[in-house]
Every structure is written in C-alpha cells, then in structure tokens.
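For reference, the structure is listed below as structure tokens.
Quantities reported herein were computed from a predicted structural model and do not represent experimental measurements.
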Amino acid sequence: MKAYKHVGIVGVTAVGAALCYKEIVIEGIKRFKRCPEISMHAHPQNEFDVADFNKITSLILESIENVKRSGAEFAIIPANTAHYVFDDVQAVSPLPLLSIIDLTINDCLKRKVSKVSVLGTFPTMQFSLYRDKLKNVGIQLVEPSQEEKERLDMIIAEELLLDHVDSDTVKEV
C-alpha cells in the first residue's frame with residue numbers, strides 16, 4: 001500500500017518551486033521519516049507575462065500535464081501571482097490542485113490570526129489576491145504602502161530570486 005500521494009509541483013519561479021520542493025522533503029522527513037515522490041516542471045520564468053493571463057493559464061496547464069505524465073496525483077503552484085488564473089486552471093486541470101491562498105487562509109484560521117499582511121511581488125500585493133477571501137473569514141488584511149510594495153518587489157527581484165539576502169534588507173523588512 002502506498003503511504004503517500006505523488007506530488008506535482010508547477011514551477012512559475014524556479015526559486016519558489018525549489019523552496020516548495022525542499023519544504024515538502026523536510027516536512028516528510030520530520031513527520032514520517034521519508035518524503036513522498038515528487039515531480040516538478042517549470043517553464044522559464046521569463047515566459048510568464050502578468051499582462052497575458054491566457055498565456056499564464058496555458059503554461060501552467062502544460063506543466064500540470066507534464067507532472068501528471070510523471071505520475072503526480074495532485075499539483076501545487078507555489079507562486080502567488082499565478083493564482084490570478086487559479087480558478088480558470090482548476091476548472092480544466094487534469095489533476096486536483098491545492099490553492100496556496102486557501103491553504104494560507106486555513107492556516108491563519110487554525111492559528112486564530114485576526115490580522116495579516118501578505119508580502120510578495122508587486123502584482124500579488126497591488127491587486128491583492130487575498131483581500132476578499134480574508135475579509136470573508138473575518139481576517140483583516142494590512143497592506144503595505146505603495147512605496148513599500150515597490151521596495152518589496154525590488155527586494156524579491158534583486159535579492160531573493162538571486163539567493164542573496166542582505167542583513168540590512170532583513171532589518172528593513
């Protein structure tokens with residue numbers, strides 16, 4: 001009998017997908033002394049254009065097909081901005097999908113968090129994928145200022161995605 005489901009990771013940013021992979025492995029080892037089978041597929045990050053939701057949807061669906069062919073039984077998309085097309089992707093996905101937004105909100109509820117700030121790329125914070133869902137469950141979203149959103153976006157692009165975390169930046173954030 002198989003103890004774990006085969007996990008599919010749909011990478012939008014390679015760093016995000018790699019961190020997700022690492023966390024699945026670590027949590028599997030901590031909890032069960034082994035990790036599940038994992039398949040990952042990622043298109044080059046520069047192919048994703050936040051101005052073209054149809055292309056984002058298409059690329060994500062191609063990746064889902066790839067992880068499905070590898071044996072994945074469900075998929076996760078560890079990228080907030082990609083969740084703008086999550087409902088469209090989920091409607092036609094050949095695999096069940098986990099929403100990082102729903103999982104995050106469920107964790108907030110479990111921990112009895114009443115106020116939260118979502119930090120991420122500019123599109124994630126600017127159009128707030130989380131705003132309505134958080135409000136619907138009674139959690140207040142504390143949004144950074146426009147200047148702070150721009151600065152955080154730059155930190156992600158120029159530091160985090162390049163695996164460079166400056167100690168002054170950590171203090172600033």
Side-chain angles (χ1 to χ4, degrees), residues 1-48 56 59-86 89-90 93-121 123-125 129-130 133-134 137 139 141 152-173:
M1 183 168 128
K2 190 172 169 182
Y4 300 104
K5 289 193 179 280
H6 183 147
V7 180
I9 299 174
V10 174
V12 175
T13 66
V15 172
L19 287 171
C20 180
Y21 191 105
K22 179 182 174 185
E23 286 300 312
I24 291 169
V25 169
I26 291 169
E27 283 301 312
I29 292 169
K30 279 183 187 175
R31 293 180 188 190
F32 309 109
K33 307 293 185 236
R34 65 183 291 270
C35 65
E37 188 170 355
I38 304 169
S39 294
M40 182 166 55
H41 182 269
H43 289 281
Q45 183 175 339
N46 63 340
E47 289 185 19
F48 290 90
I56 293 171
L59 291 170
I60 290 171
L61 286 169
E62 283 179 32
S63 291
I64 292 169
E65 287 291 344
N66 279 315
V67 297
K68 181 182 181 204
R69 280 193 296 276
S70 297
E73 298 168 75
F74 70 97
I76 54 180
I77 308 165
N80 280 300
T81 304
H83 278 64
Y84 280 110
V85 298
F86 184 85
V89 170
Q90 186 175 42
S93 175
L95 291 175
L97 302 175
L98 295 179
S99 163
I100 59 174
I101 296 170
D102 292 342
L103 292 170
T104 300
I105 291 171
N106 288 341
D107 195 57
C108 287
L109 291 170
K110 180 178 157 186
R111 295 171 189 252
K112 300 184 187 319
V113 172
S114 61
K115 195 184 289 189
V116 68
S117 187
V118 177
L119 307 180
T121 61
T124 296
M125 295 181 293
L129 291 160
Y130 290 81
K133 286 188 174 191
L134 286 166
V137 297
I139 299 173
L141 176 63
L152 286 164
D153 189 71
M154 188 176 80
I155 290 168
I156 291 168
E158 295 179 4
E159 292 187 32
L160 295 179
L161 290 178
L162 301 174
D163 196 31
H164 169 76
V165 180
D166 185 272
S167 60
D168 290 336
T169 304
V170 172
K171 289 176 189 171
E172 178 185 355
V173 172

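- For Lys30, the salt bridge (Lys or Arg N to Asp or Glu O under 4.0 Å) criterion is met by Glu27, not counting sequence neighbours.
- Here the straight-line distance linking atom CG of Leu19 with atom CD of Glu23 works out to 7.5 Å at 0.5 Å rounding.
- Residue Asn80 is tested with Ile100, Val12, Leu119 for a side-chain contact (heavy atoms from CB on, under 4.5 Å); the sole match is Ile100.
- Of all non-hydrogen atoms in Met40 and Ala18, the two that sit nearest each other are SD-N, 4.4 Å.
- For the ring-ring contact (aromatic ring centres under 6.0 Å, His included) condition, the pairs that include at least one residue of residues 14-35, sequence neighbours left out, are Tyr4-Phe32.
- The closest side-chain heavy-atom distance from Val10 to Leu97 is not below 4.5 Å.
- Closest approach of His6 to Ser39, counting heavy atoms only: NE2-OG, 2.7 Å.
- Considering CD1 of Ile76 and CG of Leu95, their distance stands at 12.0 Å, rounded to 0.5 Å.
- For the atom pair CD1 of Ile60 and NE2 of His41, the computed distance is 12.5 Å after rounding to the nearest 0.5 Å.
- With contacts defined as side-chain heavy-atom distances shorter than 4.5 Å, the pair Thr104/Val118 does not qualify.
- In this structure, the side chains of Ile9 and Pro78 come closer than 4.5 Å at one or more pairs of heavy atoms.
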Residue pair Phe74, Val7: steps toward the side-chain contact (heavy atoms from CB on, under 4.5 Å) verdict | CA-CA 6 Å; Phe74 70 97; Val7 180; 3.7 Å; yes

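- Taking all atoms of both residues into account, the shortest heavy-atom contact from Val113 to Ile139 is O-CG1, 3.5 Å.
- The CD1 atom of Ile24 sits 12.5 Å away from the CD atom of Glu37 when rounded to the nearest 0.5 Å.
- Counting all heavy atoms, side chain and backbone alike, Val15 lies closest to Leu160 at CG1-O, 4.1 Å.
- Considering SG of Cys108 and NZ of Lys115, their distance stands at 13.5 Å, rounded to 0.5 Å.
- Taking the side chain as every heavy atom from C-beta outward, Pro123 and Asp153 approach each other to under 4.5 Å.
- Here the CD-CG distance, from Glu172 to Leu152, works out to 7.5 Å after rounding to the nearest 0.5 Å.
- Remark: side-chain polar atoms of Asn66 are paired, donor with acceptor, to backbone N or O of Glu62 under 3.5 angstrom.
- Atom CG of Asp107 sits in a crowded spot, with more than 12 heavy atoms from other residues, nucleotides or ligands closer than 6.0 Å.
- A 4.5 Å side-chain heavy-atom check between Lys5 and Pro36 finds every atom pair outside the cut-off.
- Ring pair His83/Phe86 is parallel by interplanar angle, where below 30° counts as parallel and above 60° as perpendicular.
- Judged by distance alone, the side chain of Ser99 and the main-chain N or O of Ile101 form a donor-acceptor pair under 3.5 Å.
- At distances below 3.5 Å, not a single donor-acceptor pair connects side-chain atoms of Glu159 with backbone N or O atoms of Val165.
- Contact of the Thr81 side chain with the Thr13 side chain is not registered, since no non-hydrogen atoms from C-beta on lie closer than 4.5 Å.
- Here the closest heavy-atom approach between residue Pro94 and residue Glu65 is recorded as CG-OE2, 3.3 Å.
- Listed here is the closest heavy atom pair of Ser93 and Leu61: CA-CD2, 4.2 Å.
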